[in-house]
Amino acid sequence: MVERQGIRGLVAHLILWVGIAVVAFPVYLAFVASTQDAASIANGQMSLLPGGHFLETYTRTIFVGTSGSTREPVGVMLFNSLVMALVIALGKIAISILSAYAIVYFRFPFRMWIFWMIFITLMLPVEVRIYPTYKIAADLNMLDSYAGLTLPLIASATATLLFRQFFMTVPDELLEASRIDGAGPLRFFWDTLLPLSRTNIAALFVILFIYGWNQYLWPLLITTRDDMQTIVIGIRKMITTSDALTEWPMVMATAVLAMLPPVLVVIVMQRLFVHGLVETEK
Amino acid sequence: MSNVTLRNVRKTYPGGVEAIKGIDFAVDDGQFCVLVGPSGCGKSTLLRMVAGLETITKGEIDIGGRVVNDIEPADRDIAMVFQNYALYPHMSVYNNMAYGLRNRGMPKPEIDTRVREAARILEIGALLERKPRQLSGGQRQRVAMGRAIVRQPKVFLFDEPLSNLDAKLRIAMRVEIRKLQRRLNTTSIYVTHDQLEAMTLADILVVMNGGMVEQIGNPLEVYRKPASTFVASFIGAPPMNLITLDADEIRAQFSGDARANTEAGILGIRPEDLLISTEAAASGGLSLDLVVDAIERVGAETFVYGARARHGEPAISARPGELPPGEVIVRVPGQNAPAVGERIMVTAPRERLHLFSADGRRRIDL
């Protein structure tokens with residue numbers, strides 16, 4: 001393509017490469033910084049090539065933590081973040097797929113009314129209802145617990161809406177064929193609807209996992225104990241140590257570590273996702 | 001015994017729309033019953049009521065001597081083939097057929113035997129591991145039938161199963177469905193809007209219109225003696241020519257027949273019963289002067305469209321599916337046909353004429 005389009009193609013590619021560099025360079029720099037020693041970064045003499053402290057910095061970051069005495073090792077934070085992101089993502093999917101199933105396939109009083117109630121919560125993100133949510137979490141003794149970190153974020157109007165729209169595209173005849181085949185409502189859900197929703201679930205999982213992983217305000221409020229903090233909070237706390245030197249290599253190592261799980265999820269799920277797209281009969 | 005009996009079956013939707021307005025008929029054990037009618041006539045609704053997918057507002061549906069009004073579809077001992085096949089897209093062909101049996105808790109070896117037997121009958125043995133999306137339309141159709149066969153139900157229900165196939169395949173599958181039904185000897189109810197399918201498949205034909213039955217009977221009987229102008233124009237292609245006559249014309253045409261000479265009516269004559277002729281029909285027969293205005297040649301036969309050349313003739317009532325006012329279709333065997341613009345005379349013998357009441361609802365037997 002480049003040869004054929006000559007100069008214009010070359011310019012286009014140049015622009016693309018510049019774009020990639022602008023996005024990727026900070027990430028590269030963070031990785032490089034995490035392999036240098038603290039002093040050379042503090043001096044402003046950081047090399048642009050990876051230094052020799054890779055293993056040392058990462059082992060210390062994951063298993064020991066910064067020298068500030070109250071800080072937990074990043075391994076703990078990673079675990080907390082992982083639990084939070086996974087529970088939020090899976091919880092949201094489970095709850096929203098079930099509520100969408102109820103709304104689409106069952107006739108019960110106030111059905112549309114309930115649907116609109118769920119829909120309206122879209123207008124109220126966590127930040128808007130943060131005080132009442134915090135109050136409830138506190139009253140239920142959920143501070144500094146995984147339940148407190150995850151439960152208030154699980155209800156999801158967006159995912160419910162998405163599943164509802166998808167269910168409405170599933171032909172009615174499938175439900176009718178299932179009924180004739182002797183499958184009750186739960187059977188139909190497990191045997192037919194859930195397998196058909198695989199692609200949607202994979203896509204949602206990616207989005208929701210990253211949403212959960214990147215949560216900042218809510219974990220900041222709900223957790224005070226160091227061993228409950230998530231990695232996103234952890235990074236920030238590492239930087240604002242006023243009484244000591246910021247250990248930049250470890251901060252950068254933490255940042256790189258914080259980036260890895262979402263990237264992994266995207267890569268793994270994308271395969272499933274594309275696979276699912278190819279499989280569906282459209 | 002697996003006969004199906006409908007007694008004064010009615011369906012009213014919550015909005016008050018009456019889809020089925022009281023239907024009675026019976027299908028005997030092993031018979032092939034076809035419900036035919038234009039779209040919106042309620043034939044699919046009626047079939048879905050038999051299947052248990054729609055509730056019955058009034059009346060009774062009886063399958064094999066058991067009233068099934070309040071019985072779940074799965075427990076009615078029926079199997080249904082849907083228009084879009086409704087195969088489970090994520091399951092293999094084998095699992096599509098086995099699913100219903102598994103849900104019934106049938107032992108695995110028996111499921112296997114039944115699925116393989118059905119696959120053998122339908123010649124889809126090589127496709128068992130494929131997913132529906134890897135199949136052609138005709139193969140999907142077979143799988144859908146396989147899913148019905150493995151159940152060994154009392155009644156097969158078909159909801160326009162061939163309308164998604166191309167014309168050639170449709171004919172092949174039509175013959176095959178008929179053979180299969182004869183072989184399995186299972187009572188079947190088949191819904192279609194295609195009169196040709198209806199004629200070729202049915203043991204009993206139920207012609208429906210506007211939520212009511214227009215006529216029930218053996219297909220040839222329905223063709224020979226349509227009970228109303230609706231049936232006359234629906235069964236048979238091209239449709240029967242219908243000519244509105246006033247009382248005087250009726251008297252002139254049917255002179256001496258006491259049953260016909262009272263009031264205005266509608267005269268019916270099938271395109272295949274009209275002959276191009278040089279001399280007028282014998283006494284009591286029909287003669288029409290036409291100006292040919294279009295010719296359709298389909299090879300084995302030719303359709304001649306003619307406008308009636310007599311002046312002052314009454315217009316034919318223009319209902320959907322009927323000819324435009326004043327136009328008459330003549331079916332001529334072979335390819336010899338008059339030229340467009342030519343004046344011709346067509347005749348039909350007395351015994352081929354049909355007479356209906358002026359509103360078209362009633363046949364007057366002559």
Side-chain angles (χ1 to χ4, degrees), chain A residues 93 97 100-101 103-113 163 165-205 269 271-282, chain B residues 14 44 47-55 68 71-92 95-106 111 130-135 137 140 143-144 146-148 150-151 153 155-157 159-161 164:
Chain A
I93 288 172
I97 201 169
Y101 181 53
I103 284 170
V104 174
Y105 286 100
F106 292 85
R107 305 275 164 274
F108 52 89
F110 306 114
R111 193 169 62 98
M112 281 322 278
W113 195 75
F163 280 123
Q165 296 313 106
F166 171 69
F167 288 168
M168 284 166 71
T169 67
V170 173
D172 288 342
E173 283 87 353
L174 276 188
L175 171 66
E176 289 166 355
S178 293
R179 283 182 68 190
I180 291 178
D181 271 340
L186 271 180
R187 261 261 163 74
F188 171 66
F189 180 74
W190 276 113
D191 291 346
T192 306
L193 218 46
L194 210 57
L196 289 179
S197 314
R198 257 190 335 200
T199 316
N200 288 50
I201 292 176
L204 259 184
F205 182 81
M269 283 311 209
R271 288 223 177 120
L272 227 166
F273 188 63
V274 172
H275 188 64
L277 278 182
V278 174
E279 278 228 325
T280 47
E281 176 196 8
K282 281 268 156 80
Chain B
S44 279
L47 187 80
R48 292 162 54 80
M49 287 162 79
V50 177
L53 299 171
E54 298 272 359
T55 54
V68 295
I71 296 176
E72 276 293 303
D75 304 324
R76 291 192 178 191
D77 214 352
I78 48 118
M80 187 154 168
V81 178
F82 293 88
Q83 179 174 0
N84 64 3
Y85 319 136
L87 300 177
Y88 308 114
H90 57 290
M91 293 186 196
S92 67
N95 286 336
N96 259 290
M97 295 203 274
Y99 184 62
L101 304 180
R102 280 192 199 128
N103 286 344
R104 275 178 178 65
M106 186 180 283
I111 295 179
R130 298 221 193 144
K131 295 272 175 72
R133 79 194 135 82
Q134 297 164 308
L135 304 178
R140 286 179 204 192
V143 176
R147 191 165 64 177
V150 294
R151 301 270 305 273
V155 183
F156 284 138
L157 304 175
D159 190 2
E160 307 205 15
N164 282 359

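Below, each value reflects all heavy atoms present in this structure, side chains not excepted, and no hydrogens, waters or symmetry copies. The sequence lines fix the lettering, A, B, ..., with proteins before strands; numbering per chain opens at 1. Keep in mind it's a predicted model, so treat the numbers as computed, not measured.
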Using non-hydrogen atoms only, which part of [X] is less than 4.5 Å away from chain A: side chain, backbone, both, or neither?
X        : answer
B/Leu101 : neither
B/Arg76  : neither
B/Glu72  : side chain
B/Arg147 : side chain

For each of B/Asn103, B/Asp75, B/Asp159, tally heavy-atom pairs with chain A at distances under 4.5 Å, and name the one with the top tally.
B/Asn103
Among B/Arg104, B/Arg48, B/Arg102, B/Met91, single out the residue with the greatest number of heavy-atom pairs under 4.5 Å to chain A.
B/Arg48
Do A/Thr192 and B/His90 pass the side chain to side chain contact (heavy atoms under 4.5 Å, CB included) test, and can you show the C-alpha distance, the side-chain angles, and the key distance before you say yes or no?
CA-CA 8 Å; A/Thr192 306; B/His90 57 290; 3.9 Å; yes
Rounding to 0.5 Å, atoms CE (B/Met80) and CD (A/Glu176) come to a distance of 6.5 Å
CZ of A/Phe106: more than 12 outside heavy atoms within 6.0 angstrom?
yes
Which residue pairs pass the salt bridge (Lys or Arg N to Asp or Glu O under 4.0 Å) test when at least one of the two sits in residues 188-197 of chain A, sequence neighbours left out?
A/Arg187-A/Asp191
For residues 177-184 of chain A, please give each side-chain donor-acceptor pair under 3.5 Å, one per line with the distance, not counting sequence neighbours.
residue  : atom : partner  : partner atom : Å
A/Ser178 : OG   : A/Leu174 : O            : 3.0
A/Asp181 : OD2  : B/Tyr88  : OH           : 2.7

